[in-house]
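Contents: one structure, followed by commentary.
All chains are named by letter (A, B, ...) in the order of the sequence lines, taking the proteins before the strands, and each is independently numbered beginning at 1.
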Number of protein chains: 2
Amino acid sequence: MVRVGYPVTLWPEMLSVFPEGVELIPISDKMDHDVEVEVWIPDPYSTRAMRAWPHLRGVKLVLAMMAGTEWIPATVGPHVTICNAQGAHNISTAEWTLTAILASIKYFPLYFDIQQSAQWTRRFEASTYYVTITGDMRPIYPPVLQEELTGKTVLLVGYGAIGKEIERMLEPFRVEMFRVARTPRTVPEVHSVSELDALLPKAQVIVLIVPSTPETRHLINAARLALLQPGALLVNAARGPVVDTDALVTALQGGKIRAALDVTDPEPLPTEHPLWRCPNLLLTPHIGGSTPQFAPRSLATAAGELRRYMRGEPLQNVVQAAI
Amino acid sequence: MVRVGYPVTLWPEMLSVFPEGVELIPISDKMDHDVEVEVWIPDPYSTRAMRAWPHLRGVKLVLAMMAGTEWIPATVGPHVTICNAQGAHNISTAEWTLTAILASIKYFPLYFDIQQSAQWTRRFEASTYYVTITGDMRPIYPPVLQEELTGKTVLLVGYGAIGKEIERMLEPFRVEMFRVARTPRTVPEVHSVSELDALLPKAQVIVLIVPSTPETRHLINAARLALLQPGALLVNAARGPVVDTDALVTALQGGKIRAALDVTDPEPLPTEHPLWRCPNLLLTPHIGGSTPQFAPRSLATAAGELRRYMRGEPLQNVVQAAI
């Protein structure tokens, strides 16, 4: 029997996809004793998982439920193999990204405000907003009350599984697409990060979907924000530290760019943080991945790894091999 | 020369797509004298256009900039040919529809409220909301903070040009799609309106995109709202009178369904109207069609009809032939 520690916050029936020959050990973050487990599924809330870790003995394999596992190596050290749940939030995160882009360019934050005020005729504020944020002074009639995604230029920064899913959901909108990633490719064309500065001024929508690493920390800083065109929309579906938050606050307060964020630095964002009150911002509190479909997908991935582990087969989603 | 009356609210350079042999006559809704024009392009704002009409003499052809022309026949009578601008708002309206669906099921109205309150931890209200509106009591972890569109069941009521555009934009989400229209078809399967009552209980998202006619007035009434499943989302991208507003207010106040509306009955919706304050509602003030791309597309369509009219060729988008 392989002893598998799972977060007590999960219901046991959610683990019915796990193979036979597994002994399931519920792990609480409030444990007062040590527990021997060979495989550990950490609680998706990293603070809870980090509290549980010191009580675990004999862990050889960590099967994360999330795609983003940046906190795990520092917690468990180098002698443990870590797999992530690649794919568990591809759909939900890509859907959040599409929603955030569309809601921003349809001025839904303004329209929510109008709905709350119950004043139909305030819709013409959208027209003023359009001219102010884009600087487009061409004669337009009737007044612009929203923008179209169709035909816009989109820069995808990051081209892993979620980036490709975002691209797939953008297909019906016939956007002009540029891609940047660590590994440049030719089909489809993916530019290297060294070309980022040349591409940023071309984009009307910039989507960040890179992993959080030392290299991607503050990838979007004050100098790069200054390269954006008026009205450009920066979407962060990656991790908060990919953007220099202070620089973003300054840029948003300047009134010439827009942003949509599901992640911030720090998280949770304190109530007194100025980011909350920036103009032209849509901010959701890191909810992009949490849907009813998340746990079933994630645990199915973990079950597959567990089956391979028990048979001695190579694991599929290794993010750290034990040394 | 053919005398073409155009709304003075348009800039003359927007009409540069019109053919040679046309004399352009600006028409104001504040005119105090009569004007002879053979072709009339009414102001997209119908109240302004209706004020101008009594001053026009000799109109044989009306080229509307909009798809919805329901007010025109009653204004100009039966002896005038009317063409609409089929297609001018296909993209913008379909994009609004997709945005409204996604924003609703991602709980963006709640997240805007949370953003305004600057309280990150309020995100768990989304979990309570999910259980309350859907009645789904299955164990789910982490808490549900939004839903996915992928895999949902969508009922498209109306399958004209905009309906097809909406279907195209829904493709990446692999929804289960049912279609209802006046004219049933087999490829793809389009059901007749008589099957609407059987299909409504199956749908998680219902999109209304039918023309406003005596037959579609109050197509969605109290009896049909009662057929919806808990958590169902009713999206009206058509015209306000397609839904019985009083019945919708009652249904929304019951807390078991959701709605997203760009159109209402009446319009503009008075500030004191109870619809503004209904729960589980996303309401935008009839902005779905108004984008910077609208007028160029619309006037290109009108220019095409004008060219055919001047050559004596059949017109393409006739909604009323002169008797």
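- The candidate from B/Pro109, B/Ser298, B/Ala295 with the greatest count of non-hydrogen atom pairs under 4.5 Å with chain A is B/Pro109.
- Of all heavy-atom pairs spanning B/Leu98 and A/Phe173, the tightest one is CD2-CZ, 3.5 Å.
- Here CZ of A/Arg174 is found 5.5 Å from CD1 of B/Ile91. Values are rounded to the nearest 0.5 Å.
- The heavy-atom pair separating A/Thr291 from B/Val144 by the smallest distance is C-CG2, 4.3 Å.
- When all heavy atoms of B/Gln115 and A/Leu281 are compared, the closest pair comes out as NE2-O, 2.9 Å.
- Counting heavy-atom pairs closer than 4.5 Å to chain B, the top residue among A/Glu272, A/Gln119, A/Glu147, A/Arg168 is A/Arg168.
- With a 4.5 angstrom heavy-atom cutoff, B/Glu13 touches chain A only via side-chain atoms.
- When heavy atoms are compared at a cutoff of 4.5 Å, B/Arg277 approaches chain A solely by way of its side chain, counted from C-beta outward.
- For B/Tyr107, no part lies under 4.5 angstrom from a heavy atom of chain A.
- Interface remark: B/Leu170 contributes no atoms to any contact with chain A (heavy atom separation under 4.5 Å).
- A/Trp276 contributes atom CH2, which lies 7.5 Å from atom CD1 of B/Ile114 (distance to the nearest 0.5 angstrom).
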message: Evaluate B/Thr271 against A/Trp120 for side-chain contact (heavy atoms from CB on, under 4.5 Å), listing each step before the verdict.
response: CA-CA 7 Å; B/Thr271 296; A/Trp120 185 278; over 6 Å; no

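- If you measure heavy-atom distances from B/Met169 to chain A, the contacts under 4.5 Å come from both the backbone and the side chain.
- Checked against side-chain contact (heavy atoms from CB on, under 4.5 Å), B/Val263 has the following partners two or more places apart in sequence or in another chain: B/Asn236, B/Glu267, B/His286.
- Side-chain contact, A/Gln146 with B/Ser92: no donor N or O sits under 3.5 Å from an acceptor N or O.
- Once rounded to the nearest 0.5 Å, the distance linking CG of A/Leu145 with CH2 of B/Trp96 reads 13.5 Å.
- Judged by distance alone, the side chain of A/Glu95 and the main-chain N or O of B/Leu149 form a donor-acceptor pair under 3.5 Å.
- A distance of 11.5 Å separates OH of B/Tyr111 from CG of A/Leu283, quoted to the nearest 0.5 Å.
- For B/Phe108, the parts sitting under 4.5 Å from any heavy atom of chain A are the backbone and the side chain alike.
- Applying the side-chain contact (heavy atoms from CB on, under 4.5 Å) test to A/Asn280 and every residue at least two apart in sequence or in another chain returns A/Tyr129, A/Ile133, A/Arg258.
- No part of A/Ile101 comes within reach of chain B, as not one of its non-hydrogen atoms sits under 4.5 angstrom from that chain.
- Top candidate by heavy-atom pairs under 4.5 Å with chain A, chosen from B/Asp113, B/Leu275, B/Leu269, is B/Leu269.
- From A/Glu148, atom CD reaches atom OG of B/Ser290 across 10.5 Å, with rounding to the nearest 0.5 Å.
- The residue among B/Ser127, B/Pro292, B/Pro142, B/Pro44 with the most heavy atom pairs within less than 4.5 Å of chain A is B/Pro292.
- Taking CG from B/Leu110 and OG1 from A/Thr284, the interatomic distance works out to 11.0 Å, rounded to the nearest 0.5 Å.
- Of the residues considered (A/Met65, A/Arg122, A/Arg123, A/Met14), A/Arg123 shows the highest number of contacts with chain B, using heavy-atom pairs under 4.5 Å.
- At a 4.5 Å heavy-atom cutoff, the contact between A/Gln116 and chain B is made by side-chain atoms alone.
- Of the listed residues A/Thr121, A/Leu102, A/Asp43, the one with more heavy-atom pairs under 4.5 angstrom with chain B than any other is A/Leu102.
- In this structure, chain A has no heavy atom under 4.5 Å from any part of B/Asp136.
- The aromatic rings of B/Tyr141 and A/Tyr45 stand perpendicular to each other, their planes meeting at an angle above 60°, with 30° marking the opposite boundary.
- By number of non-hydrogen pairs under 4.5 angstrom with chain B, the leading residue of A/Leu10, A/Thr264, A/Leu282 is A/Leu282.
- Proximity to chain A involves both the backbone and the side chain of B/Pro143, based on heavy atoms less than 4.5 angstrom apart.
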